[in-house]
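Taking it in order: structure first as structure tokens, then the write-up.
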2 protein chains.
Amino acid sequence: MEPDKPRAPNIRDVAARAGVSYQTVSRVLNDSTAIRPETRQRVLAAIEELGYRPNEAARALVTSRSRTIGVISAQTAYYGPATAIAAIETAARREGYRISATYLASSDRASIQSSLSYLLAQGVEALVVIASQVRVFEALEELAVTVPYVALAATTGVGHRVAFDQIEGGRRAIRHLAELGHTEILHIAGPQDWTEADARMRGYLQALDEADLRPRAPVLGDWTASFGYYAGLELLRMRDFTAVFAANDQMALGFLHACRDAGLDVPGDVSVVGFDDIPEAAHLAPPLTTVRQDFAEVGRRAVERLLQELRGEPPADDAAIAPELVVRASTARPH
Amino acid sequence: MEPDKPRAPNIRDVAARAGVSYQTVSRVLNDSTAIRPETRQRVLAAIEELGYRPNEAARALVTSRSRTIGVISAQTAYYGPATAIAAIETAARREGYRISATYLASSDRASIQSSLSYLLAQGVEALVVIASQVRVFEALEELAVTVPYVALAATTGVGHRVAFDQIEGGRRAIRHLAELGHTEILHIAGPQDWTEADARMRGYLQALDEADLRPRAPVLGDWTASFGYYAGLELLRMRDFTAVFAANDQMALGFLHACRDAGLDVPGDVSVVGFDDIPEAAHLAPPLTTVRQDFAEVGRRAVERLLQELRGEPPADDAAIAPELVVRASTARPH
DNA sequence: CGCGCGCGTGTGGACGTTCACATCCAGCGC
DNA sequence: GCGCTGGATGTGAACGTCCACACGCGCGCG
């Protein structure tokens, strides 16, 4: 055992070693006012020798700034949220922020409250909401959250949002199908308390309206491939449609499976469009036509916007990111 | 504007309101020594009224315990790591810990160092390594990291590991194929600087040896579906094999795509086994036989084990989690 | 009946950092 | 030559909490 003093070196240790005052060390760390280059060198050398690391907790305490961005995500391991979180972390770290991510165990009130108060206790300076379920926003309102927050959310316009324009994404999917000549287009939607699901469905309805097509009652799913499969088995017994727009690629994937089981050819008998463009989409059977979302870009923008707000800068252009339709082999003209 | 004092309430405000000393409030918060129930009630009421939240930074400072577990993950949005991280966060939060996750931008030395020192600066009490690339461990050694750490790693036995026995997983995959009668079995491996990839390949080689089958030079992949696809196109030109074991489901999925392009039937012409059992695996064409990993369970165990170590308890049984072969429709007898 | 013990509570410090202000010294202009 | 300026550095206090100890009081036991 060491002489029982495994205390990490602090700013005073560094100061002593460099022969300066602790304040000078602090100044070097925060490269604030002018320091004689020679003094700075001495301090840096001392830091190096002692393996000193600033204590973030002490910093946070005295500045009352945690330099932490909270992230609330759904407990889903899906490609989208996971990609976004990684991008957020990377962008935040580059700016000297860290993130604290929580994953909602369920979408009920208690779970949301728990996540939120956990983040607030850490003194997060800002919040990113990825699990953009409606209830999360209600909770934010209710707790009168004062920190700036953004949602990687569905619709543009409604303050606090880094929009990926999912309505437009839905519209493009439907327009593509309509242009191919489909008239009976079904929608397998996501859970309706998700703003994304809602927006994609609105895009579906809008585009049908624009094309003078009959809207059909959407099937409300749960984002999973399994749902797509079982819903597909059910739906295909009627087969009163020629195209399906699924609210995400997983459900589309499940639906493709159901088509195979039913002996139907895609896109010969049924056209299928997904949403997200997960990396697997290009290799499904058949390769899936889908709407591409750039989750990483959205994550980066969220951070950028929050940091601007924290610095008191006017929020820059809030243009929604345009969705991009990726046409592959799961769509064709109906016969 | 408020009378410019938006300072969050602190322990002394609560004390004043409840008519006790700040120390009593602290005791209530840490429910330490006995407190008269009536006093406790008064304190809790005051906390409620003021909307008081303990300042974690101050706590961390004075106790010199950050109650933070650091996580180092690869910059991949794959199902496995994402699931594990979510599970780790949930488990840690339940125990009063928070996590700080970093995502490696690349696998080079600088990136690893940067992540690591970032986490250490936050005073993490423990580390979970998910991106179990060999270089990460080298960096841990080199920086003489003193906090306990575990890797959600490949092989059992080698200290610091919460093992999911991937060697055994690989063996089971191959045994399954061998029992079906396959003798020419190919392996599409993962990047060899990943311990997981290495372990799965060792399982492959071991099982071949046990079955007295000829090992074949593995194809070294990068975990992606695209790689599986292009490698598949190449490999299928020879077709000197009847079965393929891919080191993860994504590469298997890409390989299935290649088989379709080549006009081959799976499992009629080629059998395919994957690894991980991603949620999509059951709905691929055909549904994929694969080795199931319970990422969430591994994540929970990692947290459990680290907390035991932090509490000074002897580490509990370190048995590797047994992998489970899930047989679906992508494997059959060769003809 | 007095002493001690233990329950319930209060007081002073410390954690490591930054902020506001004080100080020192050299150089310069009048 | 003296005071003033401003660059470079030092000093005291504060952030919000927990730990170690001190204290007062009532009760039980000898």
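Letters A, B, ... mirror the listed sequences (proteins, then strands); counts begin at 1.
For the side-chain contact (heavy atoms from CB on, under 4.5 Å) criterion with A:V28, the lone passing option out of A:T39, A:L44, A:V20, A:I11 is A:L44.
Nearest-nucleotide mapping onto DNA chain C: of B:A58 and B:P37, the residue sitting toward the 5' end is B:P37. Heavy-atom distances to DNA chain C give each of A:R53 and B:T24 a nearest nucleotide, and the one nearer the 5′ end belongs to B:T24.
With D:dG10, D:dC18, C:dT17 as the choices, the nucleotide that has an atom nearest any side-chain atom of B:I11 turns out to be D:dC18. Of the listed nucleotides (C:dG16, D:dC18, C:dT9), D:dC18 has the atom at the smallest distance from the side chain of B:N30. Of the candidate nucleotides C:dT18, C:dT11, D:dT17, C:dT18 has the atom lying nearest to any side-chain atom of A:S26. Closest approach to the B:R12 side chain among D:dT17, C:dT9, C:dT17 is made by D:dT17 (side chain taken as heavy atoms from C-beta onward). Residue B:T63 has its side chain nearest to D:dC18 when only C:dT9, D:dC18, D:dT9 are considered. Checking C:dT9, D:dT11, D:dG16 against the side-chain heavy atoms of A:Q23 singles out D:dT11 as nearest. Each of C:dT18, C:dG10, D:dG16 was ranked by its minimum atom distance to the side chain of B:V20; first place goes to C:dG10. Nearest nucleotide to the A:L61 side chain, out of D:dT17, C:dT11, D:dG16: D:dG16.
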Would B:E125 and B:R67 satisfy salt bridge (charged side-chain N to carboxylate O under 4.0 Å, His left out), going step by step from the backbone distance to the final call? CA-CA 7 Å; B:E125 296 180 33; B:R67 297 193 77 81; 5.8 Å; no
Might you work through the side-chain contact (heavy atoms from CB on, under 4.5 Å) test for B:E89 and A:T102, ending with a clear yes or no? CA-CA 7 Å; B:E89 195 276 332; A:T102 60; 3.6 Å; yes
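A tilted orientation is assigned to the rings of A:F137 and A:Y149, their planes being inclined by 30° to 60°.
Side-chain N/O atoms of B:Y22 include none lying less than 4.0 angstrom from OP1 or OP2 on C:dG12. One finds no side-chain N or O of B:N55 lying less than 4.0 angstrom from the OP1 or OP2 phosphate oxygen of D:dG16. Under 4.0 angstrom from either OP1 or OP2 of C:dG8 there lies no side-chain N or O belonging to B:R36. Distances shorter than 4.0 Å separate some side-chain N or O of A:T39 from OP1 or OP2 on D:dT9.
A donor-acceptor pair shorter than 3.5 Å cannot be found between the side chains of A:S21 and A:R12. Under 3.5 Å, the side chains of A:R65 and A:Y97 contain a donor-acceptor pair of N or O atoms. Between the side chains of B:Q122 and B:S100, at least one donor N or O lies within less than 3.5 Å of an accepting N or O.
For B:N10 and D:dC18, the CG to P distance is 11 Å, given to the nearest whole Å. In this structure, A:D13 atom CG and C:dC15 atom P are separated by 11 Å, rounded to whole Å. Distance A:R42 CZ to D:dT9 C1': 11 Å, rounded to the nearest Å. Atom CD1 in B:I35 sits about 13 Å away from atom P in C:dC7, given to the nearest Å. Rounding to whole angstrom units, CZ of residue A:R67 and P of D:dC15 are separated by 21 Å.
Nucleic acid contact for A:S64: none, since no nucleic acid atom lies under 4.0 Å from a heavy atom of the residue.
Contact annotation: side chain of B:R27 to base of C:dG10, donor-acceptor pair present below 3.5 Å. Checked by distance alone, B:R40 brings no side-chain donor or acceptor within 3.5 Å of a matching partner on the base of C:dG8.
Judged by a 6.0 Å distance limit and a 45° cone about the ring axis, B:R98 is not positioned over the six-membered ring of A:Y118.
Axis orientation changes by 50° from one end of the helix from C:dC1-D:dG30 to C:dC30-D:dG1 to the other, with each end axis drawn from 5 pairs and the value rounded to 10°.
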